Amino acid sequence: ALTEYSKGLHALTSANTADAAVTDLKSVLYSNRAACHLSATPPHHALAIADCTKALECNPRNVKALFRRASAYEALSTSDSVATRKQNLD
């Protein structure tokens, strides 16, 4: 699915960015690609955050992109705090 969303985004690079339908579609494709990054093993949180940010630039009301970006930030924060706690134990 990740490849398909990337192909769709690539196809839209030359599309009319003033067209609201194109902008909305790009937002959905970026958000869906972010979901793929989050479901990867291991998850690619930084890539998900980047794609969600692009999705929100296209459509600031994309609730799924907001949620996915928040989830990725939370996962990174949790990972960082776990690593810090582990260092403090050593």
Side-chain angles (χ1 to χ4, degrees):
L2 179 66
T3 304
E4 298 304 317
Y5 294 128
S6 296
K7 286 179 184 177
L9 287 164
H10 182 71
L12 291 176
T13 56
S14 61
N16 181 4
T17 56
D19 185 352
V22 170
T23 304
D24 286 343
L25 179 57
K26 285 173 77 173
S27 179
V28 169
L29 290 174
Y30 277 122
S31 180
N32 288 349
R33 190 168 75 174
C36 291
H37 291 310
L38 290 173
S39 65
T41 305
H44 303 126
H45 298 110
L47 293 174
I49 290 168
D51 274 352
C52 287
T53 300
K54 289 177 185 175
L56 292 166
E57 288 170 0
C58 295
N59 179 4
R61 294 183 178 163
N62 185 330
V63 176
K64 288 183 179 181
L66 284 168
F67 177 78
R68 289 174 180 150
R69 186 169 70 172
S71 297
Y73 274 125
E74 182 179 22
L76 283 177
S77 173
T78 302
S79 298
D80 290 343
S81 70
V82 167
T84 302
R85 281 181 274 166
K86 186 175 178 182
Q87 284 177 348
N88 289 339
L89 292 175
D90 293 337

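These numbers come from a predicted model, not from an experiment.
Nearest approach of L12 to K26, heavy atoms of both residues: CD1-CG, 3.6 Å. Here the shortest heavy-atom pairing between S31 and N62 reads CB-ND2, 3.8 Å. Heavy atoms only, all atoms of each residue included: S27 and C58 are closest at CB-CB, 3.7 Å. Closest non-hydrogen pair, V22 versus A15, comes out as CG1-CB, 3.8 Å. Shortest non-hydrogen contact noted between C52 and R68 is SG-CB, 3.6 Å. Among all heavy-atom pairs drawn from L29 and G8, the shortest one is CD1-C, 3.8 Å.
Here the SG atom belonging to C36 is positioned 9.5 Å from the CZ atom belonging to R33, to the nearest 0.5 angstrom.
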Give the C-alpha distance, both sets of side-chain angles, the deciding distance and a yes or no for side chain to side chain contact (heavy atoms under 4.5 Å, CB included) between L66 and L56.
CA-CA 7 Å; L66 284 168; L56 292 166; 3.7 Å; yes

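Panel note: side chain S6, backbone L2; a donor-acceptor pair is recorded below 3.5 Å.
L25 and Y30 fall within the same hydrophobic cluster, defined by Ile, Leu, Val, Met, Phe, Trp and Tyr side-chain heavy atoms under 4.5 Å apart, directly or through other members.
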